[in-house]
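We count ligands from 1, going down the list as the structure has it; atoms in each ligand are counted the same way. Numbers for residues simply follow the sequence, beginning at 1.
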Amino acid sequence: MQVVSQAADLAKGTPVTRGLEGCAIVIFGATGDLTRRMIVPALFNLRQRGLLPDDFAIVGFSRSKWNTAVFRDEMGTAVREFAGGVDRDSWEDFAQRLHYISGNYGNRDDFQQLAALLSRVSEEHNCGGRYVFYLSTPPSVYSDVIQQLGAVGLHQAEESDSWRRVVIEKPFGRDLATAQTLNAQIANVFAEPQTYRIDHYLGKETVQNILVFRLANHIFEPLWNRRYVDHVQITASESIGIEHRAGYYEESGAMRDMFQNHLLQLYSLVAMDPPVVFDAEAVAAEKIKALRATRPIPLTQIDQWAVRGQYGPGWVRGEYAKGYREEENTDPQSNRETFAALKLYIDNWRWEGVPFYLRSGKSMTKKVTEIAIQFKRVPHLLFGLTPADTLNPNAIVIRVQPNEGFSLQFRVKSPGQTIRVHQVSMNFDYESLFNGEAPPAYETLLLDIMRGDRTLFAHSEWIEYAWGLITPIIEAWESSPASNFPNYEAGSWGPPEADALIAMDGRSWRRP
Ligand code: BG6
């Protein structure tokens, strides 16, 4: 985990490449969108900036009958489109590291061919038999790929200084049972320390900073508990709809797409206790404890704990936006939730009685991801405040995106001869302080995989606890279609049910 930005690290002369070993990265699903938009451009950027070693290669594996020349051409186009500035020499250096093999994900012979190609590539580029297997395929073939890797022995390194790692993209299962099955299939072949489950939110700079902010400062941690915190709000709103992903989204919905992974990761990082040391196992253990202590939602009163929404037509940032049921390829009667809000309690000494409110949705007013730690009101107020002023006491707001940074909100006296109380905030803003140097999440995560640092990846047990919390809600919703969908307008802050959920406790959502 990079606790300082890569650029700052370089500036201090500490190489971000520390612990980084040359390797070959096999991308399954090499002709897919993620490879083109994210993985290859991120690897190219890292190499162009001198952060990848010379002994490095990529092998694309996919069903399409491409060959190495086609793969290089296609990736050239992808890199020009998604990597930013590309200089010719860097591209030529990178292109000769790209190799391709076509095959079927369940076919043993094809994996034997892959093994043969990998030894040639490893020799040519001096990768020392160190391989990363990156599963960027549809989840339906994860188990085939893992099984075949095991069957041809690619999961085990032959030499003591080489290693094998497997990277799994989201979605990791679609409920608790499927996630458990997938974990078991992986565990049959790869050990947990070889397994990297991606959650790109963990690669975001501000997300990594949550722990540094909490644990490298003395002034915040003493306040981080039930004695001072009134409640916590975690928001991940998006102004875009489902774009062209109807097929995926009709199967998924907001709970699977955003809560089981990204929102619960943010929640775990805010709620966890300090780890005994700063390494992957110790951090994972504390995050798992936070989920274990989370009270399951009482299904008999689900509406008081979890609400769902679906967007209808509306206006987003001045432009007309279709409703979910009118989007291309969605079911015109669809019951799929595009918004959800959830109230969680953690039954432990730190958080007993403090509600955590989580919400996320598509086609909302704006894109913003933030965590607000809302503190209790002062025990006795000496100054006359208007009712509106009493509502917003101190808060720490972690702005994950956009305008990445932190702010501390507090009250001061406004100038004048009478006492008038005014809400102000003290801001730390990444862009103005570090010139917008936060590295993209995928670059951070790829470097960590090559370094063998799993701190920013989801642990098998964490995944199962997260699904354990979410699955009963999804099942309840899927078995009883919402009668009021669509229930929020595109471009709004979500359905009235979400306001009611929090208003029930005498609180209200922030309007970031
Ligand atoms: C993805 C979801 O995991 O995260 C998308 O599948 C969502 O539906 C995206 O739009 C949000 O990521 P970010 O980084 O843009 O907040």
* To do: Take Trp467 and Ile474 through the test side-chain contact (heavy atoms from CB on, under 4.5 Å) and record every step on the way to the result.
  => CA-CA 10 Å; Trp467 274 122; Ile474 296 175; 4.0 Å; yes
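Considering backbone and side-chain atoms together, Tyr249 places no N or O closer than 3.5 Å to any N or O of ligand 1.
Scanning all protein heavy atoms for the shortest distance to atom 6 (O) of ligand 1 gives Asp257 OD1, 2.6 Å. Ranking protein heavy atoms by distance to atom 13 (P) of ligand 1, first place goes to Lys367 NZ, 3.4 Å. Counting protein heavy atoms only, atom 12 (O) of ligand 1 is closest to His200 NE2, 3.1 Å. What sits closest to atom 11 (C) of ligand 1 on the protein, heavy atoms only, is Glu238 OE1, 3.8 Å.
When each atom of ligand 1 is checked for a heavy atom of Lys362 under 4.0 Å away, the hits are 5 (C), 7 (C), 8 (O), 10 (O). In summary, the atoms of ligand 1 found under 4.0 Å from a heavy atom of His262, numbered by their order in the structure, are 1 (C), 3 (O), 4 (O). Atoms of ligand 1 found under 4.0 Å from any heavy atom of Lys204, numbered from 1 in the order shown, are 13 (P), 14 (O), 16 (O). Atoms of ligand 1 found under 4.0 Å from any heavy atom of Lys170 (numbered from 1 in listed order, with element): 1 (C), 2 (C), 3 (O), 6 (O).
The side-chain heavy atoms of Asp505 and Lys343, taken from C-beta on, include a pair separated by under 4.5 Å. Contact check for Leu52 versus Leu447: side-chain heavy atoms found under the 4.5 Å cut-off. Side-chain contact between Phe356 and Leu358 is present, with at least one heavy-atom pair separated by less than 4.5 Å.
With salt bridges taken as basic N to acidic carboxylate O contacts below 4.0 Å, none links Arg336 and Glu251.
The salt bridge (Lys or Arg N to Asp or Glu O under 4.0 Å) with Glu370 is formed by just one residue from the set Arg511, Arg510, Arg399; it is Arg510.
Cation-pi check for Lys170 over Phe172 is not met; the charged atom does not lie both under 6.0 angstrom from the ring centroid and within 45 degrees of its normal.
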